[in-house]
Amino acid sequence: MFTKIPTVLRSQELIDKSFLKASKITEPYHPTIEAKIRKEVIDRISTIESITCSHLLKLVKKFPTIEKLHPFYEDMIDLMFDTDKYKVSLSKAQWAAERIEALSTEHIQKLKKARKVEQLTGIMRAYYGRYSSVVKSIDGDLKFLSRCRDWIRQIPDIDPEMPTFIIAGMPNVGKSSLLSRLTGNVPKVAPYPFTTQSISIGYMHMNGVKVQVIDTPGILDRPMEERNEMEMKSILSLKDIKGTIIFLLDPTGQSSYSMEQQESLYNEIKSRMRPQMIRVQTKCDLTEERIEKISISTETMEGFDLLKEEMERIVAKRVMV
């Protein structure tokens with residue numbers, strides 16, 4: 001939804017665009033030179049007003065309202081920039097649009113009463129000057145909103161209202177393979193703010209309900225103490241999605257992490273995020289040991305029926321709520 005935020009023009013860009021369009025307006029015929037100039041100037045002012053106000057009001061409409069966002073997106077945006085300044089800058093864009101509309105109405109009324117060419121051109125110059133001052137006064141706000149747009153567009157396209165399963169576990173325990181097997185399609189890859197990693201999002205249907213499955217390589221795969229504060233807050237924002245975490249454990253030793261390390265990560269995620277969690281043993285084709293009720297192999301597909309049954313039970317329960 002954040003990809004629809006329009007490009008933010010800086011003050012001079014907006015002024016230049018409006019003036020260029022207005023300069024092309026000419027009146028081919030009027031009985032007097034005064035009537036011709038009056039009509040041209042009125043049309044130019046109306047054009048400048050239309051272009052500028054349309055752009056500013058579109059920004060106000062298309063930029064997300066913080067209070068109306070899902071907590072996941074609200075947390076993400078709050079991490080990215082000063083939300084108070086964000087609200088003030090949008091308010092200034094609204095103010096500028098209203099001020100330009102009032103200026104346009106005021107000067108058009110003056111033009112209708114003016115009778116001499118000198119008066120008409122003087123009113124036009126006065127309008128251009130006052131209009132430019134208003135637009136230039138919000139240049140800092142437009143620059144800030146442009147940066148906000150770039151930051152907001154980095155937020156991954158996760159639907160926090162859709163039934164969700166988040167795959168977690170130490171590196172090399174089979175997370176990406178599980179995502180591929182469950183969804184059967186090429187996942188969307190999106191950067192995750194304040195980390196060097198990306199997440200992968202795949203989709204599947206369970207009893208007619210669309211479900212999203214998120215793989216978190218490099219995110220929910222190591223202790224929080226190894227993260228900086230910004231990374232940690234970004235990762236913990238996943239708790240707002242209220243999805244179910246499928247935590248993978250590999251007892252074969254192939255992942256290079258001990259069961260003690262894997263259990264420690266499981267307990268940390270559970271205590272910090274407090275999500276519903278499914279414990280799943282992976283690579284069961286490589287060992288006869290069974291440490292979990294659900295044991296799967298992405299190579300042989302062993303155990304997938306049991307895993308899907310548990311996922312379907314969770315989805316059905318959520319849909320009924």
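Everything numeric here is computed off the predicted structure, so don't read it as measured data.
Annotation: side-chain hydrogen bond (donor to acceptor under 3.5 Å, both in side chains) contacts of Gln262 (sequence neighbours excluded): none. Residues passing the side-chain hydrogen bond (donor to acceptor under 3.5 Å, both in side chains) test with Lys175, sequence neighbours excluded: none. Glu229 pairs by the side-chain hydrogen bond (donor to acceptor under 3.5 Å, both in side chains) definition with Lys233, not counting sequence neighbours. In this structure, the side-chain hydrogen bond (donor to acceptor under 3.5 Å, both in side chains) partners of Ser89, at least two apart in sequence or on a different chain, are Asp141.
Between the Gln281 side chain and the Pro251 main chain, no donor and acceptor come within less than 3.5 Å of each other. Between the side chain of Arg227 and the backbone N or O of Met232 there is no donor-acceptor pair closer than 3.5 Å. Put simply, the side chain of Thr52 never gets that close to the backbone of Glu49: no donor and acceptor are under 3.5 Å apart. At distances below 3.5 Å, not a single donor-acceptor pair connects side-chain atoms of Arg181 with backbone N or O atoms of Met301. When atom types are taken as modelled, the side chain of Ser50 and the backbone of Ser46 share no donor-acceptor pair closer than 3.5 angstrom. Asn267 contributes a side-chain N or O that, together with a main-chain N or O of Glu263, makes up a donor-acceptor pair within less than 3.5 Å. Gln212 places a side-chain N or O within donor-acceptor distance of the main-chain N or O of Asp159, the cut-off being under 3.5 Å. In terms of modelled atom types and a separation under 3.5 Å, the side chain of Ser132 and the main chain of Tyr128 share a donor-acceptor contact. Side chain of Thr282 to main chain of Val173: a donor-acceptor pair is present (N/O by atom type, distance under 3.5 Å, no hydrogens or angles).
With hydrogens and angles left out, the side-chain atoms of Ser200 and Asp215 include no donor and acceptor closer than 3.5 Å.
The structure places OH of Tyr203 at 8.0 Å from CD1 of Ile214, a figure rounded to the nearest 0.5 Å. The distance from atom CZ of Phe63 to atom CZ of Arg149, rounded to the nearest 0.5 Å, is 7.5 Å. The CD atom of Gln119 lies 11.5 Å from the NZ atom of Lys110; values are rounded to the nearest 0.5 Å. Distance check: Lys61 NZ to Leu56 CG gives 15.0 Å after rounding to the nearest 0.5 Å.
Annotation for Glu226: atom CD counts as buried by contact number, over 12 foreign heavy atoms lying within 6.0 Å. Lys87 NZ: more than 12 foreign heavy atoms inside a 6.0 Å radius.
Here the side chains of Tyr192 and Glu231 are not in contact, with every heavy-atom distance at 4.5 Å or above.
Screening residues 242-252 for salt bridge (Lys or Arg N to Asp or Glu O under 4.0 Å) gives Asp250-Lys283 as the qualifying pairs, with residues at least two apart or on separate chains. For residues 12-29, every residue pair satisfying the salt bridge (Lys or Arg N to Asp or Glu O under 4.0 Å) rule, not counting sequence neighbours, is listed here: Glu27-Lys39.
Screening Asp221, Leu265, Leu248 for a side chain to side chain contact (heavy atoms under 4.5 Å, CB included) involving Met170 leaves a single residue, Leu265.
His70 and Tyr73 have perpendicular rings, their planes meeting at more than 60° on a 0 to 90° scale where under 30° would count as parallel.
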